[in-house]
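First up is the structure itself, then whatever we jot down about it.
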Amino acid sequence: MNQGPTVTLSIPFEQAEAAVRAALAQEGFGVLTEIDFQKTMKAKLGIDYPPTLILGACNPQFAHAAMQVAPEVATLVPCNVVLRETPAGVTVETVDPAMLVQVTESSDLEPLAADLRAKLDRVFSSLG
């Protein structure tokens, strides 16, 4: 898997979540889905996990443009941004948008993936 932007924050989980949501919004992303992994694993399997939240972030302009190039990219959107509580702090991570090009084998997505990576880099830079 291609590792994308990652940062570890030394703030409480709830503050990290608020900061991530604000940074995503600043770059034109909305959160379409969210999965409280900790709560789900506890409810479904009785397993204790540290706080883990998966935010399905989507930049509508990117999604529209990408769908025009390669409709199968729909299987890869929204873009998951994961917050995990770790001993070092709250780790925030996502995959490299270049994965969209690899998975779809559509080189026409390269400029879009590069633009998306730049947006995500700005999101993560603003956090750290």
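Quick caveat, the model's predicted, so the values are computed rather than measured.
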Open item on the list: Could you check whether any side-chain N or O of Q38 sits under 3.5 Å from a backbone N or O of Y49, counting only pairs where one atom can act as donor and the other as acceptor?
Closed with: yes

Open item on the list: For a quick test of reading the model, state the closest non-hydrogen atom pair linking P111 to D108 and the distance between them.
Closed with: CD-O, 3.5 Å

Open item on the list: I need the L45 CG to T40 OG1 distance, nearest 0.5 Å.
Closed with: 9.5 Å

Task: Heavy-atom closest contact (G28 atom, P60 atom, distance) - done: O-CD, 3.5 Å

Task: Distance in Å, T33 OG1 paired with N80 CG, rounded so as to fall on 0.5 Å steps - done: 6.5 Å

- [ ] Determine, stepwise, if the pair C79 / T94 fulfils side chain to side chain contact (heavy atoms under 4.5 Å, CB included).
- [x] CA-CA 8 Å; C79 170; T94 190; 3.3 Å; yes

- [ ] Compare all side-chain heavy atoms of R21 with those of V31 and state whether any distance is below 4.5 angstrom.
- [x] yes

Task: Note, L83 side chain near T91 side chain (heavy atom, < 4.5 Å) - done: no

Task: Single-linkage hydrophobic cluster L120~I54, side-chain heavy atoms < 4.5 angstrom - done: no

Open item on the list: Taking the side chain as everything from C-beta on, heavy atoms only, tell me whether V81 gets closer than 4.5 Å to V20.
Closed with: yes

- [ ] Find out whether R84 and E93 are in side-chain contact, i.e. whether some heavy atom of one side chain is under 4.5 Å from a heavy atom of the other.
- [x] yes

Task: Cluster overlap V82 with F124, hydrophobic side-chain contacts below 4.5 Å - done: no

Task: Donor + acceptor pair across side chains of Q3, T6 (<3.5 Å) - done: yes

TODO: Identify the heavy atoms of S10 and A88 that sit nearest to each other, and give their distance.
DONE: OG-O, 4.4 Å

TODO: Could you grab the distance from atom CD of Q68 to atom CG of L112, nearest 0.5 Å is fine?
DONE: 10.5 Å

Open item on the list: Hydrophobic clusters here meaning ILVMFWY residues chained together by side-chain heavy-atom distances under 4.5 Å, can you tell me if V103 and F62 are in one?
Closed with: yes

TODO: State, with a plain yes or no, whether a side-chain heavy atom of S125 is found less than 4.5 Å away from one of R122.
DONE: no

- [ ] Indicate, with yes or no, if V7 and V95 share a hydrophobic cluster defined by side-chain heavy-atom contacts under 4.5 Å among Ile, Leu, Val, Met, Phe, Trp and Tyr.
- [x] yes

TODO: To the nearest 0.5 angstrom, please state how far the OG1 atom of T104 sits from the CG atom of L76.
DONE: 7.5 Å

Open item on the list: Does any part of the side chain of I11, heavy atoms only, come nearer than 4.5 Å to the side chain of V90, both counted from C-beta?
Closed with: no

Open item on the list: Do I35 and L24 land in one hydrophobic cluster if side-chain heavy atoms of ILVMFWY residues count as linked below 4.5 Å?
Closed with: no

Task: Shortest non-hydrogen contact between A23 and V123, atoms and distance - done: O-CG2, 3.5 Å

Open item on the list: Are the side chains of K119 and N59 in contact, using a 4.5 Å heavy-atom criterion?
Closed with: yes

Task: Closest heavy-atom pair and its distance - A70, L109 - done: CB-CD1, 4.0 Å

- [ ] Enter the distance from E27:CD to L116:CG here, rounded to the nearest 0.5 Å.
- [x] 10.0 Å

Open item on the list: Just verifying a value: how many Å separate E72 CD and L100 CG, rounded to the nearest 0.5 Å?
Closed with: 10.5 Å

- [ ] May I ask you to say whether R117 pairs ionically with D121, meaning some side-chain N is under 4.0 Å from a carboxylate O?
- [x] yes

- [ ] Considering non-hydrogen atoms only, spot the tightest contact between S107 and V101 and give its length.
- [x] CA-CG1, 4.2 Å

- [ ] Side-chain contact test, heavy atoms from C-beta onward, threshold under 4.5 Å: evaluate it for E17 versus E14 and give yes or no.
- [x] no

